Trainee: 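I'd like to ask you about the structure that follows.
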There are 2 protein chains.
Amino acid sequence: MVNSTGSTLSHLECTACRRTFDADVLHRLCEECGKVLYPRYDLANVRLRPSDLLTREPSMWRYREVLPIRDAEHIVSLGEGFTPLLAAPRLSERLGIADVRIKDEGQNPTGSFKARGMSAAVSRARELGAKSVAAPSAGNAGGALAAYAARAGLAAGVVMPEDCPRINQVEAVVSGADTWLVEGLIDDAGRLVRTTSEARGWFDVSTLKEPYRVEGKKTLGYELAEQLGWELPDVVIYPTGGGTGLVGMWKAFAEMTELGWIGEQRPRMVVVQAEGCAPIVRAHDQGERHAPRWEDATTDASGLRVPVAVGDYLILDAVRDSGGTAVSVSEDEMREATRELAASEGVYPAPEGVATFAALRRLRDTGAVTDTDRVVLFNTGAGQKYPDFVPATPEVVPADSPAWKTGL
Amino acid sequence: MVNSTGSTLSHLECTACRRTFDADVLHRLCEECGKVLYPRYDLANVRLRPSDLLTREPSMWRYREVLPIRDAEHIVSLGEGFTPLLAAPRLSERLGIADVRIKDEGQNPTGSFKARGMSAAVSRARELGAKSVAAPSAGNAGGALAAYAARAGLAAGVVMPEDCPRINQVEAVVSGADTWLVEGLIDDAGRLVRTTSEARGWFDVSTLKEPYRVEGKKTLGYELAEQLGWELPDVVIYPTGGGTGLVGMWKAFAEMTELGWIGEQRPRMVVVQAEGCAPIVRAHDQGERHAPRWEDATTDASGLRVPVAVGDYLILDAVRDSGGTAVSVSEDEMREATRELAASEGVYPAPEGVATFAALRRLRDTGAVTDTDRVVLFNTGAGQKYPDFVPATPEVVPADSPAWKTGL
């Protein structure tokens with residue numbers, strides 16, 4: 001098999017029972033125990049050194065030796081990743097925190113962090129022979145899947161809650177995905193994708209239910225380290241629906257330590273959810289390792305309206321092992337924080353992204369984050385995709401109004 | 001004065017009467033003849049070489065020696081520029097053209113190419129002491145100005161046509177700009193910004209009416225050359241409202257030739273406008289050097305609804321000197337091309353952006369573009385900001401429908 005990327009992918013391993021599987025055929029969950037499979041790499045044979053990265057392309061594929069695609073021709077890319085890690089000096093000062101930065105994932109193709117996972121999963125699905133791909137989506141994943149499938153030349157299916165944001169519906173359809181809406185939440189949509197996959201011949205790329213979306217998301221962790229000079233921050237605050245980015249970063253940190261690129265220090269990993277849908281927060285508070293379904297989930301942060309996460313144990317393990325925590329924030333806190341973040345730092349955040357800033361304020365108040373901490377907030381998408389979250393209508397002033405002359 | 005950027009900015013020069021002005025005080029148009037001022041550089045003293053760029057940050061500020069900011073502390077950045085230049089193999093094949101690529105400007109901060117000009121103009125306005133900035137906007141410029149002013153800590157004013165896209169209205173307000181709507185078009189809004197500037201203390205950054213937005217936009221030209229290995233394409237197709245990006249690229253090409261980075265070869269520069277607002281196309285067809293106002297301008301491609309351009313002579317000169325042309329496309333062509341581009345290549349274009357693809361089809365039909373041409377299309381913004389342009393509503397299927405089992 002061609003290995004023009006230098007990928008060191010070696011096998012798949014179950015994150016629960018540790019059974020291993022051949023990475024070069026399509027798998028989804030562990031066929032023994034039904035848990036999440038992780039790709040593993042022959043890290044001892046990675047020839048890439050951090051200094052080699054200096055001249056590489058500014059996308060997540062700069063880390064191709066630790067990504068799962070073997071043939072560079074199979075990489076399905078729209079330029080995703082290597083997004084800016086922006087200083088947030090006004091927020092830092094206002095909250096009395098040494099260093100607050102924002103990883104602005106809204107600058108990805110399709111305007112969200114979902115691009116990373118879909119780029120990896122669609123690339124690998126195509127490499128292993130899939131002809132069509134499908135996924136449920138609570139929001140941005142559907143648009144990203146549609147875009148990457150289109151770029152790959154694969155058919156795509158998307159099933160979404162009927163009340164998910166309209167822009168997400170439109171982008172999936174315009175990008176050519178067969179798209180349906182259902183009354184219900186993302187887990188209902190996920191069940192219907194499973195039901196339909198056989199008849200349609202779909203390969204189901206539901207997050208963490210196949211092994212490669214997490215590989216795209218883990219590049220968030222590689223980038224964080226690279227952009228901070230191979231030192232991790234003290235605190236990572238991550239808006240958690242399915243939690244793939246959080247567990248992906250945790251996996252990346254372990255890989256980088258094994259590669260000798262970073263030491264043993266880890267950020268405190270903080271999960272943020274919405275008060276109206278906080279299964280991981282509840283499980284964390286109760287000391288559980290699994291998070292039962294949150295009934296009657298409701299939040300306008302559509303990406304956080306995820307009542308059950310297949311990777312719950314991976315999320316909760318990372319939070320606990322890192323000395324982190326899990327917090328929920330209210331709709332009002334998110335709405336107020338949107339204007340504050342946009343008008344203070346110039347980053348118009350998605351509702352999910354701004355939840356991290358709302359959470360930071362709480363954590364500062366309780367002392368869980370202190371004045372010496374270096375904190376990274378993940379803005380997972382462009383606020384422009386959510387014009388109804390903080391609606392605003394400017395005043396109409398007639399062109400002949402005398403107010404123009406006096407300065408309005 | 002600090003010169004930590006290595007900027008070689010030397011003076012301002014009128015593009016019409018050639019009079020020169022001090023670059024280190026705020027200017028707008030030529031105080032002699034009212035035409036556009038261009039910043040000029042001491043290019044003989046630029047120490048930067050193309051190979052030095054390999055290790056620079058992936059933003060437009062990698063070209064800081066030929067940008068107007070002297071103190072790096074004054075750069076107001078959200079990570080704009082160095083956007084991907086994506087291959088479009090399916091479009092190339094379908095149209096029978098050697099190489100078609102898409103410069104995807106939708107991946108900029110605020111989701112459009114307007115980020116470049118505003119990053120440069122706001123940076124320089126702040127460096128020269130402005131406390132607040134304002135501009136009229138037909139669409140994306142207002143959101144970009146608001147974001148960069150917020151990041152700079154400057155007050156901002158935005159005046160927009162009342163029927164401009166709602167997302168543009170929302171992003172300006174949420175990002176903290178004082179925002180008003182007027183009945184009329186962008187030139188009406190521009191007149192009202194001028195009327196109000198004195199009372200509000202605004203520095204008016206209307207495009208090409210101050211010297212620095214074009215400097216941000218010219219980085220499109222530098223990037224094109226760098227991303228193509230210091231060879232320019234044969235054809236550049238650019239959606240033209242105010243035309244700042246087109247004239248900016250033309251300026252960049254001249255600078256790069258003087259720097260010895262590229263030769264004398266130039267792309268054929270093609271202006272695309274909407275049939276409902278095509279002042280530059282009309283002037284080009286009539287052999288004029290100036291383009292009178294287009295009355296009753298109408299198009300849903302809001303960024304093309306610009307009835308008069310202050311830089312009309314600069315645009316028309318570049319088109320003619322390059323052997324290019326100017327074409328207009330219909331609303332139907334843009335709508336159809338949106339789905340085709342998104343579903344073929346995975347890039348969901350803004351209406352203005354897709355106009356370039358619609359134009360390419362026409363140019364191929366007429367023979368103005370041939371099979372051997374290497375063509376670059378500029379997608380100036382993210383289609384996600386225009387969900388009403390090609391509306392789409394997926395079908396709702398009840399969760400208990402038997403259709404799920406049979407594949408819908």
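All figures in this text were calculated on a predicted structure; none of them were measured in a lab. A, B, ... follow the sequence lines: proteins, then strands. Residue 1 opens every chain.
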Trainee: Please state whether the side chain, the backbone, both or neither of Thr179(A) comes within less than 4.5 Å of a heavy atom of chain B.
Mentor: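 When you check distances to chain B, atoms from both the backbone and side chain of Thr179(A) fall under 4.5 Å.
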Trainee: State, yes or no, whether a side-chain contact exists between Thr393(B) and Arg166(A) at a heavy-atom distance under 4.5 Å.
Mentor: no
Trainee: Could you report the tightest heavy-atom contact between Ala342(A) and Ser175(B), atom names first, then the distance?
Mentor: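 Smallest interatomic distance, heavy atoms only, reads CB-CA, 3.9 Å.
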Trainee: How about Asp104(B) and Leu78(A): do any of their side-chain heavy atoms sit closer than 4.5 Å?
Mentor: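 No, every pair of side-chain atoms sits at 4.5 Å or beyond.
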Trainee: Given the rule in the side-chain contact (heavy atoms from CB on, under 4.5 Å) test, do Gln384(B) and Gln384(A) qualify, once you have shown the distances and angles that lead to the verdict?
Mentor: CA-CA 8 Å; Gln384(B) 282 85 353; Gln384(A) 282 85 355; over 6 Å; no
Trainee: Do Arg339(B) and Val173(A) come close enough that some side-chain heavy atom pair is under 4.5 Å?
Mentor: yes
Trainee: Grab the two heavy atoms, one from Gly79(A) and one from Gln107(B), that are nearest each other, plus how far apart they are.
Mentor: O-OE1, 3.7 Å
Trainee: Ala382(B) versus chain A, heavy atoms under 4.5 Å apart: side chain, backbone, both or neither?
Mentor: neither
Trainee: Is the shortest heavy-atom distance from the side chain of Val174(B) to the side chain of Thr338(A) under 4.5 Å?
Mentor: yes
Trainee: Side chain, backbone, both or neither: which part of Asn108(A) has an atom under 4.5 Å from a heavy atom of chain B?
Mentor: backbone
Trainee: Under a 4.5 Å cut-off applied to non-hydrogen side-chain atoms, are Val397(B) and Leu181(A) in contact?
Mentor: no
Trainee: Between Arg56(A) and chain B, which part of the residue has a heavy atom less than 4.5 Å away: side chain, backbone, both or neither?
Mentor: neither
Trainee: Identify which part of Asp178(A) has an atom lying under 4.5 Å from any heavy atom of chain B, answering side chain, backbone, both or neither.
Mentor: neither
Trainee: Under the side chain to side chain contact (heavy atoms under 4.5 Å, CB included) test against Leu408(A), which residue among Thr196(B), Leu192(B), Thr195(B) passes?
Mentor: Thr196(B)
Trainee: Please give me the minimum heavy-atom distance between Glu162(A) and Val396(B), naming the atom from each residue.
Mentor: OE1-CG1, 3.7 Å
